[in-house]
Structures are given as C-alpha cells and as structure tokens.
**Q** 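Got a structure here, written out as structure tokens. Questions coming.
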2 protein chains.
Amino acid sequence: MSPSPVRFSDLVSEQSRAEIFATVLTSGPLSRTQLAQRLGLVPSSVTRMLPPLLEHGYLHESDTAPNGRGRPQKMLHVNPDKHTVVGIKIGPAQVSGVITDMAANVLARLEEPIADRTPETALSAAAALTRRLLAQTPEAADRVLGVGVGVSGHVDSAAGICRYSALLDWNKVDVAGPLRAATGLPVVVNNDVNTLVVAERWFGQGRDVDSFAVVTVGPGIGCGLLLDGALFSGATGLAGELGHLPLDPAGPMCSCGRRGCLEALAGDRAVLRHLQDAGVPCATITEAMDIARSGSGSAQTVARSAFAEAGTALGRGLAGMCNLLNLQKIILAGEGAVAHDLFGPALNQALEAHAFSTAARDCDIHVDPVTHDLWARGAACLVIREAVGAAIS
Amino acid sequence: MSPSPVRFSDLVSEQSRAEIFATVLTSGPLSRTQLAQRLGLVPSSVTRMLPPLLEHGYLHESDTAPNGRGRPQKMLHVNPDKHTVVGIKIGPAQVSGVITDMAANVLARLEEPIADRTPETALSAAAALTRRLLAQTPEAADRVLGVGVGVSGHVDSAAGICRYSALLDWNKVDVAGPLRAATGLPVVVNNDVNTLVVAERWFGQGRDVDSFAVVTVGPGIGCGLLLDGALFSGATGLAGELGHLPLDPAGPMCSCGRRGCLEALAGDRAVLRHLQDAGVPCATITEAMDIARSGSGSAQTVARSAFAEAGTALGRGLAGMCNLLNLQKIILAGEGAVAHDLFGPALNQALEAHAFSTAARDCDIHVDPVTHDLWARGAACLVIREAVGAAIS
DNA sequence: CGCTATTTCTTCCTCGTGTCAACGAAATCA
DNA sequence: TGATTTCGTTGACACGAGGAAGAAATAGCG
C-alpha cells in the first residue's frame, strides 16, 4: 500500500538544474532569456541545462507567444502534476493535512481532532491522515515526494525531532522517524512558522523580498525569519521567539513565568483579560472580536480598547524587531490576523513611534488572509524546498 | 606623493583563491591537507590553486616540520608584510587612525581632535591623518591596499555614504568620494560597529562562531550582527539598532524622543541621571565608575545600583535579541565595557530571567578588553575583507 | 642498512558548469 | 523580398572540482 518514494533529487541533482526549476516554479512562466537574466547566466548555459528537465517532464514549453518584433519567446513553466506532496500541521487539538501538487495547489485536505496531545496520539493521527489523503487521491499517491510536518515549538530540522514544545507539552519527540516508518515516505520536519516562511517565500508575499518575518498572532505570538534570502533558524533552531520579547517590566505575567512579554501583552489572553478586568463577560477571542465590531455601548468601547492595547504592544515589539533587523516586510498571519481591523491602527502608530530612523518606512506590514490550510500548505512547501535542494529560500 | 593602489584583487580574483588566503589568514598556519579539510576540498584542488599565491608572495611556506610518522607537512602562512592597510574611525570629537599589515597588526597609530563635527572638518582630518600615517611609515606607503573608514550611524556601504548619523549630526554625507579623491586610494566605508564585527570575525572572539553580535556600551548602545556567517546589514543598512529597542513604556525619555529605549535605560546618561536623582554629584561616567568601585557610604551604594539598573536593562535587551536571533555569542565592547564588573552580574541575571528556553544558555557573553585603537583596527579589517572578496565574514 | 608502513603532496585525467562568438530561427517592418 | 530584431542553439574553450595513482619524505623495525 505504501507507495515507493520518487527520487526527484536524482534527476535534479545538480545545483543549477535545481535553481532553474525553482526559479521557474516561483517566478511563473519565463522564457529562456528571462531565466538566464534572473539566474545571472548567459542564455546558452540555460539551453544546455534544460534538456533533462524537459525530457523528464518537470518543465513544459508553451506555444510560442509573439512578442512584438523578433523571434517569439517559448515560455517555460513547471508541470505541477509531475509530483505531489503531503503537508501536515500538528496542533494541540487537531492534526490537519493537505496533499498538494508541485505548485502547492491543494488537491485534497483532511483534518482530525485528537483526544490528547501526546506524541503517540498526534503522530499516529498524522500517519493515518497521510494514508487517508493518499487513498483519497489515488492518482496522486504514486507520485508523492514526501511528507512535510509543521510543529510548534523548538524543532531540530536536521534531526527531524521536536526538542521542546510548550503548546504540545513535548520534550525531545522524534517526529520524522515514526512517520517515515509508518508511511514509507521521506519526512521533513520544521517549526510551524518556518513552514509559513517558506510558503510565503515561494508562493506568497515574500517572493521577491530578501528579508522578512512572518508573525503569527493568536493564543501565542510566533515568528519566522528570512534574512538575506535564507531561512534563519539561529544557533540551535530557536530563532524567532518574538513572543517573549520583554516589553514592560511592570506588565502582566506571561505563561512563561516572566512579566511583560509581548505575548502577555498582545496574545489572545491579554485581550480577554482586559475585557474581564473591565467586567465584560467574554470567553473566546472570536466573541471579543464580535463585541468590538458589532457590540454596543461600553462593552464595545472596552473591547476596542483591548484590541488597540494589544495592537500597541505588538507595534512596539515589531518596532524592536525592525530596529534590530531592518526588515523589508512583516507578514501578519495566524488565526488572530483576522482582527487586524481592530488592532491595525494602534499597531501602525506604535510601530511608527518606536521605529528608529527609516526602519518603519522601510518595512511593509502585510496581513495575510488566513486560509484554513495555510499551515499545512506551508508544510508541503518544506518538501518541495527539500526536493530542489534548498536552491531558494 | 599619493602611492598607487596595489590591485590585490587582480591577483586573488578567483573566489577559491580568496578563500584559501582568508582561511590561512584567520586560521593560522595550515598544511595543505588541513586547508583542504577546512575548505571542504580534496588536497589536489588546494595544490592546484596555490602557485599564484606563493609566487606573488601572499603566502609563504615554512620549513617542513616532522609530524611523527609520514611525510612532514609544509605549513602555509600569510606574509603579513605583503600589503598594508589604513583604518580610520571618525568620532564626534576626534578622528583616529591606524596603519596595519595584512594580519591587522598595528604598525602605526595617530589621533587628532577635531574642532567641530562637520563633514568637511572630519573628512579633511581623516585625509590628513591618512597622509601623515603613510609619511610616518614610508616602508608601508607603497603597499597600501586601501583605506577603511568606520562611521557611527546609518551607512550605505555600497555607495560609500553616511545616510544619517545622530552622533555626528550628518545627513547624506559622501565619505568615500572625498577621501578617495584626497588620498588616491580605494576607500571602504561601513558602520563603526560593523567594523568591529569584521575584526572579531577575522581575528577575535568570533573566529569560529557563525552567529554573534558585537554590542557596544557607552554613551549610546550600538550593535553589529553576524548571522549564519555573514555580516548582516538589513534591507537598507540599518540593522543592529539595538539601542532603541523599546523596553519600558514608563521609562525615561530617550534622546530619540521616545520613552524607555534600551539606550535611555542603560546608556551612560541613564547611569548619570540615576546618580543625580539621588543627589550624588557626578559629571562623567568614569567618575561614576570610580564612585561605584572605590567610593564610600551611600554614594557608592547609589552608584552601584545605578550600574546594576543599567545592567538589568541591558540584560533584558540582550535577552530580547537572543530570543529573536538565538545567537551563539554576544561580545560586549565599547568604552563602557570596562564597567562590566559593575553591571555584569545584573546583566547576567536579567538575561537568564528573560531568555526563552535555552536561548541564554546557548549564548556566551564575552567582554572584549577595549584597546584604544580597536575601532580603527576594525576599519582596517574592512579593507582586508574587501580585498579578499568578502570570502569570509 | 634496507624494507615497509604512513602521511603528505603532486600529477594527470575526467566531468560539470560557465563564458564567448558565431550562427540559425522566427517574427515584424519597410 | 529583404532588413531588422529578438530569441535560442551550437561548438570551442576555460576553469575549478573530484578521483586514482604515484612520488616524496619521514619513522619504525628486523
């Protein structure tokens, strides 16, 4: 039942071929000349590299399109159906998965609540989900390159393990091993926000941006970094812990035990606490958004100021990050990003106020419309990235 | 009088030759086999690349040293006297310069107070200093590779201009142009802290560290970053503005006009303010150190707590940076680093308290004994780096 | 002393990838 | 129809890298 993995890397072994593929994949249809320019090569080099990619069907040539004067260009584009990829996101209450083609188009999606967040439960759910996804789309099953997994917390990507996750209460959990054994497929694991970074870099808002951050807003504040064109993980894979930036020595207690972390000031819990302190009954962040958007009277005022306060804290945190890293773009994602209408103005104001020199002006803030399978799609990108030899990202 | 610049890069044009030179330069004498291992090459490749470097005298071969059984190794080392380099640091009240050999050994040093900090005054002082340095060491003058300049503030290294410097009150000042015209030498400009980063990476504490920061403590808080082995400057060269990390919304006003920046909490001025508020008369930071170290009674207590408070703020700021970047090392430098005995314990405690997971344990804090020409020596390293094609750092 | 083992370095070959210059291909324009 | 323009290919060549094999220079040992 377990399909044999296709060795994409055998065909696209050389660095330059992988780069050609990656460039065509992310930068849409390109003529040979355009491709050469983008890669800093001379056209003849591109010509020499192409045959294997075309013969094996990784790239296609479209009909010639007249282009004013001169010989028309033959556009190259990837054949998205050549391979498929599975992406899995492991959350504390559910495991969600997608199967996508090479362009990260979702072909099928599944989701499964899990009874507890033990590694055994989560990983067997992930394996089951993978099997069901493959069974559901048999035409994709024999072309699967591998499985990408996004896990919240401190992930050692090379070893395929999760070192520590507060959200999942995991400690040194081997993720790649069990999944590889259960599915017979190559498995790539990374931090969940890093999967978003790769996805944005390849197919999203980070396509032509050399330095950006993806900041997820929700129960916690997460952050993934792409610096000078490369995913940045830090010395031990811990980079991006924006959520625990100390912002206020007199601030509220954070779940990590310290005072005034960004997460304690701008996470869901901070908004809810603000409402409760003001005597407005409210249990979930969705409810808080409803009150702020369409509530009435003082409850609405309180709710709005709760989100504004969170936005101010987030703005100060992002300003700190911009000061330190001089990013070109920050992409706000995650479940909480839908409340951007509520915290956005305060965020921008605080960012502008605390950013040094041109740091805020240099940095675009972009809100990514949160689709439900964004996480899993990001995880799928991990495998595509791995397959082309990390030529990009 | 102006010596003709030697085109080092013409001889060491190829990437790999530059890498060989850089590796021998920074990693001491190496045999061909060791060199190959370090560069991830096979020994024969090293053999093939060496002849031009040896012929032109950039590298020397020492006598064979018996090495137990087997053919003895012939060690390679750089010939530091092959070229010389000028390093200039432009400060608000003085310009200092050094002339060094290829190993950044200082051959001569000069310093000149400047009457005002206008670009004209500072740059003509820098040019004069360069001329005097070369006149002073005629044996070095005909072998000068170029001039490296370190300037505080926001520097566009590629364009050779200082975009903005609060300390110097400069705005879009062309630094490289006038100096090149006045000296007839190639000029490399960068942020002053970045020159320290390069120096540490090449000859100092960052030699084998892939991700570290140099944090300068003094009137202001500066920071230069080396991330994943490369100097990180950010999108517009502004990266490293650690000094204006917002740490306390209720904190004191910063010179930048905001409240609670790290610089306002941990810079020299913060310490002095603390003393003044407590009624201890004290004009300079050196005086404050004296009081804290060898003062008496309540004045000493106040001074000590002033430094401790600064250390706590710095620790919180560094914790934020560690959380975000998961650095392997932080090197404390700058004039204020000599007060490490006074603020160090508080710094470490705050760092440990606010760092997430293993971020603090993963990160060594190192204090660099501040030598007087550290800055200018760093600027000299800029040129060496440029000459070898930025093969390292 | 001569032999072998050992380590270092070199020589020679092939391969992959890049450039350059010249040519062929396919359209528009006159 | 032919000139022009742009795109792509072909073939000759350079160069860095790897691999196999051999030369160089030592220590140890009978």
Side-chain angles (χ1 to χ4, degrees), chain A residues 9-24 27-56 58-77 388-389 391-392, chain B residues 9-24 27-56 58-77 388-389 391-392:
Chain A
S9 48
D10 292 347
L11 292 168
V12 190
S13 59
E14 303 86 0
Q15 178 69 8
S16 3
R17 248 179 271 276
E19 249 169 63
I20 287 181
F21 181 84
T23 306
V24 175
S27 302
L30 289 170
S31 74
R32 286 159 168 79
T33 316
Q34 294 168 330
L35 191 52
Q37 268 187 341
R38 232 168 218 278
L39 294 171
L41 297 177
V42 72
S44 55
S45 302
V46 173
T47 295
R48 195 172 23 75
M49 305 297 296
L50 278 179
L53 287 170
L54 291 168
E55 276 166 27
H56 291 100
Y58 289 102
L59 297 181
H60 278 165
E61 228 170 13
S62 75
D63 294 344
T64 67
N67 179 26
R69 214 174 167 86
R71 175 174 173 174
Q73 327 168 296
K74 277 190 257 179
M75 305 307 272
L76 298 163
H77 35 151
V388 301
I392 290 196
Chain B
S9 48
D10 293 346
L11 291 168
V12 189
S13 59
E14 302 85 358
Q15 177 69 10
S16 4
R17 247 178 275 275
E19 251 170 64
I20 287 180
F21 180 83
T23 306
V24 176
S27 302
L30 290 170
S31 75
R32 286 158 168 78
T33 317
Q34 293 168 331
L35 191 52
Q37 268 187 340
R38 235 171 215 275
L39 293 171
L41 296 177
V42 65
S44 56
S45 301
V46 173
T47 295
R48 190 173 24 76
M49 306 297 295
L50 279 180
L53 287 170
L54 291 168
E55 275 165 28
H56 290 100
Y58 290 101
L59 297 182
H60 277 165
E61 225 170 13
S62 73
D63 294 343
T64 66
N67 180 24
R69 214 174 169 87
R71 176 175 173 173
Q73 327 169 293
K74 278 190 256 179
M75 304 308 270
L76 298 163
H77 35 151
V388 300
I392 291 196

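Below, all heavy atoms of this structure are taken into account, side chains as well, without hydrogens, waters or symmetry copies. Naming: A, B, ... by sequence-line order, numbering from 1 per chain.
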**Q** Is there a side-chain contact between A/Q73 and A/T33, using heavy atoms and a 4.5 Å cut-off?
**A**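 The answer is no; the side chains never approach within 4.5 Å.
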**Q** Nearest 0.5 Å, please: how far is NE2 in A/H77 from OG in A/S27?
**A**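 Separation between the atoms: 14.5 Å.
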**Q** Tell me: NZ of B/K74 to P of D/dT26, nearest whole Å?
**A**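 The distance from NZ of B/K74 to P of D/dT26 comes to 10 Å, rounded to the nearest Å.
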**Q** When the distance from CD of A/Q34 to P of D/dC7 is rounded to whole Å, what number comes out?
**A**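 Roughly 8 Å, once rounded to whole Å.
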**Q** Provide, to the nearest angstrom, the distance between the CE atom belonging to A/M49 and the C1' atom belonging to D/dT10.
**A**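 After rounding, the gap between these two atoms is 17 Å.
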**Q** Map A/P43 and A/R69 onto DNA chain D by nearest heavy atom, then report which one ends up closer to the 5' terminus.
**A**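 Comparing both residues, the 5'-ward one is A/R69.
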**Q** Grab the CD1-P distance between B/I20 and D/dC15 for me, whole Å please.
**A**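 Value for this atom pair: 16 Å.
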**Q** Check the distance between C/dT7's C1' and B/L30's CG and give it to me in whole angstrom.
**A**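 Roughly 17 Å, once rounded to whole Å.
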**Q** Whole angstroms only, please: what is the CG-P distance between A/L53 and C/dT17?
**A**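 So the CG-P distance, A/L53 to C/dT17, works out to 11 Å.
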**Q** Given D/dG16, D/dG8, C/dC9, which nucleotide is nearest the side-chain atoms of A/Q73?
**A**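 Minimum distance to the A/Q73 side chain belongs to D/dG8.
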**Q** Nearest whole angstrom, please: distance from the C1' of C/dC9 to the CD of B/E61.
**A**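 Rounded to the whole Å, the gap is 10 Å.
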**Q** On DNA chain C, check which nucleotide each of B/M75 and B/G70 is closest to and give me the residue with the more 5' one.
**A**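 Going by which nucleotide is closer to the 5' end, it is B/G70.
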**Q** At less than 4.0 Å, is any side-chain N or O atom of A/T33 found next to OP1 or OP2 of D/dG8? Yes or no.
**A**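 So the side chain of A/T33 is within the cut-off, an N or O lying under 4.0 Å from OP1 or OP2 of D/dG8.
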**Q** Among the nucleotides C/dC9, D/dG8, C/dG18, which one has an atom lying closest to any side-chain atom of A/L41?
**A**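 When the side chain of A/L41 is considered, C/dG18 is the closest of C/dC9, D/dG8, C/dG18.
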**Q** Donor-acceptor pair under 3.5 Å: do we get one between B/S44's side chain and the base of D/dG19?
**A**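 Yes.
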**Q** Can you figure out which of D/dG16, C/dA27, D/dG18 approaches the side chain of B/V42 most closely?
**A**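 Taking heavy atoms from C-beta onward, the closest nucleotide is D/dG18.
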**Q** Do the side-chain N or O atoms of B/T47 get closer than 4.0 angstrom to the phosphate oxygens (OP1, OP2) of C/dT10?
**A**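 Yes, B/T47 has a side-chain N/O under 4.0 Å of OP1/OP2 on C/dT10.
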**Q** Return the NE2 to CG distance between B/H60 and B/L76, rounded to the nearest 0.5 Å.
**A**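 Answer for the NE2-CG pair, B/H60 versus B/L76, is 11.0 Å.
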**Q** Counting heavy atoms from C-beta on, name the nucleotide in C/dT10, D/dA17, D/dA25 closest to the side chain of B/R32.
**A**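 My answer, after comparing the listed nucleotides, is C/dT10.
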**Q** Using heavy atoms to find the nearest nucleotide of DNA chain D for A/P72 and A/R48 separately, return the residue whose nucleotide is more 5′.
**A**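 Result of the comparison: A/P72.
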**Q** Tell me the interatomic distance from A/L50, atom CG, to D/dC7, atom C1', rounded to whole angstroms.
**A**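 Rounded to whole Å, this separation is 13 Å.
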**Q** In Å and rounded to the nearest 0.5 Å, what is the CE to CG distance from A/M75 to A/L30?
**A**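 Nearest 0.5 Å value for the CE-CG distance: 6.0 Å.
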**Q** I'd like to know if B/R71 reaches the base of C/dT7 with its side chain such that a donor and an acceptor end up less than 3.5 angstrom apart.
**A**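 Per atom types, no contact qualifies.
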**Q** Could you give the distance from CZ (B/R32) to CD1 (B/I20), rounded to the nearest 0.5 Å?
**A**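 CD1 of B/I20 is found 10.0 Å from CZ of B/R32.
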